Amino acid sequence: MPRTPAPHTSPRLTGERDPDDQLLVLLVATWVLATGRTPPDRPIDQLGPEELIAFWADDETAGR
């Protein structure tokens, strides 16, 4: 008997992605590779302002 995905299954898990989600994945992956920072342990859209700043802040411009 074929299994159907649960109604709460995330599109990210099924391979279907919105273009905005694809761009977000690309930007986060690029930033992780460029900075060596660890990606957040939960989705970017669930982070608070301080967490977003900590992840995205450019070390080259810090303190200016």
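Source: prediction; values computed, not measured.
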Side chain to side chain contact (heavy atoms under 4.5 Å, CB included) involving Leu27 - partner list, sequence neighbours excluded: Leu23, Trp56
Nearest atoms (heavy-atom pairs only) where Ala57 meets Trp31: O-CZ2, 3.7 Å
Pair listing, side chain to side chain donor-acceptor pair (under 3.5 Å) test, anchored in residues 32-42, at least two apart: Arg37-Asp59, Arg42-Glu51
Audit row: Val28, Leu24, side chain to side chain contact (heavy atoms under 4.5 Å, CB included) steps and yes/no: CA-CA 6 Å; Val28 169; Leu24 179 60; 3.9 Å; yes
Separation of Asp21 CG from Asp45 CG (nearest 0.5 Å): 8.0 Å
